[in-house]
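Working notes, structure below.
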Amino acid sequence: QVQLVESGGGLVQAGGSLRLSCAASGRTFSSYAMGWFRQAPGKEREFVAAVSWSGGNTYYADSVKGRFTISRDNAKNTVYLQMNSLKLEDTAVYYCAATFVGYGSKWVIRQAEYEYNHWGQGTQVTVSS
């Protein structure tokens, strides 16, 4: 079982940066692929970024490609989302998610929401003009 706790959200001006963190409990964190999703007011939750358990493979939504970077530190059981050049449309609650893939799947990433079975409580990111 993995429990996830996000932090790092807040209010930032357009063009600014934030780094989100997601701390995971459990001794097998390194066998989980991780992802970030977000949900804006009145909209469905959407995929943002994903990383394999090895950290060697990443994937991004087109809307954040080139601005956001996902990374992980398995020694600290933490995954990060560095967000640069923030736009008003990045305003949302950001969720961290985990899915077990096993040690043999070091390059596997997951993009679909239904593929994740562990979720954090979310952290609010608000971008102002």
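Residue numbers start at 1 and run along the sequence shown.
Here the closest non-hydrogen pair linking S129 and L88 is N-CD2, 3.6 Å. Between V127 and L86, the shortest heavy-atom contact is CG2-CB, 4.0 Å. Looking at every heavy atom in both residues, A23 comes nearest to T78 through CA-OG1, 4.2 Å. The two residues A24 and L4 have their closest heavy-atom pair at CB-CD2, 3.6 Å.
Between the side chain of T58 and the backbone N or O of V51 there is no donor-acceptor pair closer than 3.5 Å. Counting only distance, with no hydrogens or angles, the side chain of N74 and the backbone of W53 share a donor-acceptor pair below 3.5 Å.
The side chain to side chain donor-acceptor pair (under 3.5 Å) check on T126 picks up Q124, with sequence neighbours excluded. Partners of E115 according to the side chain to side chain donor-acceptor pair (under 3.5 Å) rule, which considers only residues two or more places apart in sequence or in another chain, do not exist here. Evaluation of the salt bridge (charged side-chain N to carboxylate O under 4.0 Å, His left out) rule for R19 yields no partner, not counting sequence neighbours. Remark: A75 engages D73 in a side-chain contact (heavy atoms from CB on, under 4.5 Å) (not counting sequence neighbours). Scored by the side chain to side chain donor-acceptor pair (under 3.5 Å) test, S54 finds S52 as partners (sequence neighbours excluded). Scored by the ring pair (Phe, Tyr, Trp, His ring centres under 6.0 Å) test, Y32 finds F100, H118 as partners (sequence neighbours excluded). With sequence neighbours left out, the side-chain contact (heavy atoms from CB on, under 4.5 Å) criterion links K65 to Y60, D62. Residues forming a side chain to side chain donor-acceptor pair (under 3.5 Å) with Q111 (at least two apart in sequence, or on another chain): none. Checked against side-chain contact (heavy atoms from CB on, under 4.5 Å), S71 has the following partners two or more places apart in sequence or in another chain: Y80. Residues satisfying the side-chain contact (heavy atoms from CB on, under 4.5 Å) criterion with S63, sequence neighbours excluded, are R38, A61.
When hydrophobic side chains of Ile, Leu, Val, Met, Phe, Trp and Tyr are connected at separations under 4.5 Å, I109 ends up clustered with F37, F47, Y59, V93, Y95, Y116, W119.
Annotation for E89: atom CD counts as buried by contact number, over 12 foreign heavy atoms lying within 6.0 Å.
Between the CG atom of L20 and the CZ atom of F68 there is a distance of 8.0 Å, given to the nearest 0.5 Å. Note that CD1 of I70 is 12.0 Å distant from CD of Q82, once rounded to the nearest 0.5 Å. For the atom pair CE (M34) and CZ (R72), the distance works out to 6.0 Å, reported to the nearest 0.5 Å. For the atom pair SG (C22) and CZ (F29), the distance works out to 7.0 Å, reported to the nearest 0.5 Å. Taken from CG in L81 to CD in E6, the straight-line distance is 11.0 Å, to the nearest 0.5 Å.
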Could you list the donor-acceptor pairs under 3.5 angstrom formed by side chains in residues 7-17, with sequence neighbours left out?
unit_1: S17; atom_1: OG; unit_2: N84; atom_2: OD1; d: 2.9

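The closest side-chain heavy-atom distance from K87 to R67 is below 4.5 Å. No side-chain heavy atom of V64 sits under 4.5 Å from any side-chain heavy atom of M83.
In the hydrophobic clustering of ILVMFWY residues, with side-chain heavy atoms under 4.5 Å counting as a link, Y103 and V108 come out together.
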